Every structure is written in structure tokens, then in C-alpha cells.
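Worth saying up front: this structure is predicted, and the values here are computed from it rather than measured.
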Amino acid sequence: MQSVLFPLLAVVAGYLIGSLSFAVIVSRLMGLSDPRSYGSGNPGATNVLRSGNKAAAILTLVFDALKGYVPVLLVLKFGEPYGLEEGTAALVGLAAFIGHLWPVFFRFVGGKGVATAAGVLLAINPWLGLSVLGVWIVMAAVFRYSSLASLSAAIGAPLLQMLVWDVGPELPAIALMSLLLIWRHAANIRKLMAGTESKLGQKAAPVAAGPAAKSHRHEQSRARKHDHKSDHKHSNKPHQHSK
């Protein structure tokens with residue numbers, strides 16, 4: 001029973017930790033707009049950077065990476081007495097990554113998971129994580145597109161693991177994270193091909209496009225309809241003439 005229970009609890013804990021959307025949390029604490037309401041609408045460090053607040057973007061990046069790094073590291077360091085080994089650590093990292101993509105605390109509207117995936121890789125295999133991070137930095141420095149750098153890193157992660165390091169129980173989790181990363185960047189791929197993708201550091205467009213903005217516009221629309229109905233009822237009331 002414990003051989004199933006402890007790994008299951010570890011995976012659930014990883015998912016819950018991954019569900020902490022630090023882009024939204026940091027923005028709220030620093031009095032910034034919800035990152036889902038401007039730019040790409042993506043609650044991640046790159047979109048927070050579009051707010052113009054570099055400190056908020058850095059904090060988001062660090063905490064998003066830590067929520068992938070810490071759960072995996074805890075399993076690797078302290079999980080052996082409970083039957084938690086490398087395979088479980090990889091699943092916990094995958095769960096944290098999935099939590100970032102579909103966070104239970106934020107109506108399952110999450111980011112693309114680049115920083116969280118980097119944290120997972122650094123915990124599973126530090127040299128792999130640093131190599132993939134190097135790929136991202138080089139591509140971002142040369143082309144100035146965060147999405148292109150992320151796609152390159154996603155493709156490189158499982159390839160580097162297979163070619164340089166052993167093919168172990170962590171490879172399926174790494175490969176699945178890479179596939180999900182590429183899938184989450186589908187819109188960015190289309191923009192890159194069309195030449196309309198935003199570059200690193202580019203300020204956000206004033207028109208909000210994220211889910212939070214849609215919800216806000218919906219509330220405004222309902223309020224306008226309510227006011228219109230109230231005015232209509234008021235205008236239909238018979239006028240009382242003074243005698």
C-alpha cells in the first residue's frame with residue numbers, strides 16, 4: 001500500500017506546488033496589472049517583463065523555476081526511505097510542470113512552463129539543465145525572441161539527455177515536457193513564421209488580450225446592459241403631472 005501511496009502523494013504535492021502562479025502572485029503583491037490582462041495574456045516572466053517592471057519579471061522567473069526545482073530535489077534527497085526514487089522524482093517534476101500549465105488555484109489558466117521546466121531539469125540532472133539553459137541564452141541573445149529560445153531548448157533537452165547522458169526513467173518525463181512546451185508555443189510559432197512575434201523587452205500592447213481581460217470586458221458588458229435596462233424601465237414609467 002505504501003509503495004503506491006507515497007509516490008501518489010508526492011506527485012499530487014508536486015502538482016499543487018506547480019499550481020502556484022507566481023506571475024499573478026508577484027504582480028498582485030507589487031501592485032501591477034494581472035499579467036493575463038495584457039501582452040500575450042500568458043502568466044509568465046516574459047509577459048511580466050512587458051509591464052516594464054524588471055524586478056517583478058526576475059522574481060517571477062526565479063520562483064517559477066524553484067517550484068519545479070524544489071519538489072524534485074526533495075524527493076531525490078529524502079525520498080529513498082519512502083520508496084521514492086529517480087522515476088518518482090521525474091514524475092513529481094512533470095506534475096509541477098503540468099501544475100504550471102493548468103493551475104488548480106487559478107481556474108486552470110497557466111503559463112507555458114519554460115522556467116518551471118528549467119527548474120525540473122536542473123534538479124534531475126544539473127549538467128543537462130545548465131546545457132539547456134545555455135541553449136536558451138544563446139538563442140535569446142542572438143535572435144531576441146524568447147519563444148524561439150524556448151522552442152530550441154525544448155527540442156534540445158531530450159536530445160541532449162539521450163546523446164550525452166544515460167537513457168533512464170527520467171527521459172519520458174523530459175520528452176513529455178518538451179512536447180507540451182512546443183504545443184503551448186503553437187501561437188508563437190505562427191507569429192514567428194508571420195514575422196509578428198514580439199521581441200524580448202518589448203512593451204505590452206495597451207489593449208488587453210488575456211483571459212482576465214476577457215472576464216473584465218464581460219463584466220463591463222453586463223453592467224452596461226443592466227444600466228440600459230434600468231434606464232429603459234425608468235423611461236417607460238408614466239409621467240405624473242402636477243395638478
Side-chain angles (χ1 to χ4, degrees), residues 4 6-23 42-46 61 63-76 79 83-106 108-136 139 146-190 192:
V4 176
F6 287 131
L8 180 61
L9 290 175
V11 169
V12 171
Y15 171 75
L16 293 177
I17 293 172
S19 291
L20 297 171
S21 183
F22 284 105
N42 176 60
T46 301
L61 178 67
F63 282 109
D64 277 351
L66 284 175
K67 73 182 182 183
Y69 181 81
V70 172
V72 176
L73 186 66
L74 289 175
V75 171
L76 292 174
L84 308 180
E85 299 178 350
E86 291 181 357
T88 305
L91 287 176
V92 169
L94 177 61
F97 174 77
I98 290 174
H100 180 84
L101 267 57
W102 296 287
V104 66
F105 304 126
F106 294 88
F108 302 101
V109 179
K112 295 173 183 175
V114 176
T116 304
V120 172
L121 294 180
L122 285 168
I124 291 176
N125 182 345
W127 291 112
L128 172 64
L130 290 173
S131 299
V132 172
L133 183 60
V135 171
W136 192 96
M139 294 297 291
S146 174
S147 56
L148 181 59
S150 300
L151 288 166
S152 302
I155 294 170
L159 292 177
L160 286 169
Q161 178 65 30
M162 286 189 296
L163 296 174
V164 181
W165 292 277
D166 294 334
V167 176
E170 68 280 348
L171 182 60
I174 293 172
L176 185 53
M177 281 196 301
S178 294
L179 289 173
L180 287 171
L181 272 170
I182 294 169
W183 173 66
R184 292 288 279 194
H185 281 81
N188 301 93
I189 294 172
R190 289 192 292 269
L192 284 168

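For E86, the side-chain contact (heavy atoms from CB on, under 4.5 Å) partners are L76, P169, E170, not counting sequence neighbours. S21 pairs by the side-chain hydrogen bond (donor to acceptor under 3.5 Å, both in side chains) definition with nothing, not counting sequence neighbours. Looking at residues two or more places apart in sequence or on another chain, you find a side-chain contact (heavy atoms from CB on, under 4.5 Å) between L122 and Y69, L130.
N42 approaches G111 most closely through the heavy-atom pair OD1-CA, 2.9 Å. Among all heavy-atom pairs drawn from V75 and E85, the shortest one is CG1-O, 4.1 Å. Summarising the geometry of S147 relative to N188, their closest heavy-atom pair is CB-CB, 3.6 Å, with the distance given to 0.1 Å. Taking each heavy atom of A90 and I124 in turn, the nearest pair found is CA-CD1, 4.1 Å. Heavy-atom minimum distance, G68 versus V72: O-CG2, 3.4 Å. P158 and S178 make their closest contact through CD-OG, 3.2 Å (heavy atoms, listed as atom of the first residue, atom of the second, distance).
For the pair L128 and I174, the minimum side-chain heavy-atom distance is below 4.5 Å. T46 has its side chain out of reach of K112: every pair of non-hydrogen atoms, C-beta onward, lies at least 4.5 Å apart. A heavy-atom distance below 4.5 Å is found between the side chains of I155 and I182. With contacts defined as side-chain heavy-atom distances shorter than 4.5 Å, the pair L148/L192 qualifies.
Listed for the S19 side chain is no donor-acceptor partner under 3.5 Å among the backbone atoms of P103.
Each of F108, F106, W102 was compared with V104 under the side chain to side chain contact (heavy atoms under 4.5 Å, CB included) criterion, and only F108 meets it.
One finds the OG atom of S146 at 6.0 Å from the NE2 atom of H185 (value rounded to the nearest 0.5 Å). Rounding to the nearest 0.5 Å places CG of L74 at 7.5 Å from CD1 of I17. Between L73 atom CG and L66 atom CG the span is 10.5 Å, to the nearest 0.5 Å. Interatomic distance, Y15 OH to L101 CG, rounded to the nearest 0.5 Å: 10.0 Å. Between the CZ atom of F97 and the CG atom of L181 there is a distance of 4.0 Å, given to the nearest 0.5 Å. Separating the CG atom in L121 from the OG atom in S131 is a distance of 10.0 Å, to the nearest 0.5 Å.
A donor-acceptor pair shorter than 3.5 Å can be found between the side chains of W136 and S150.
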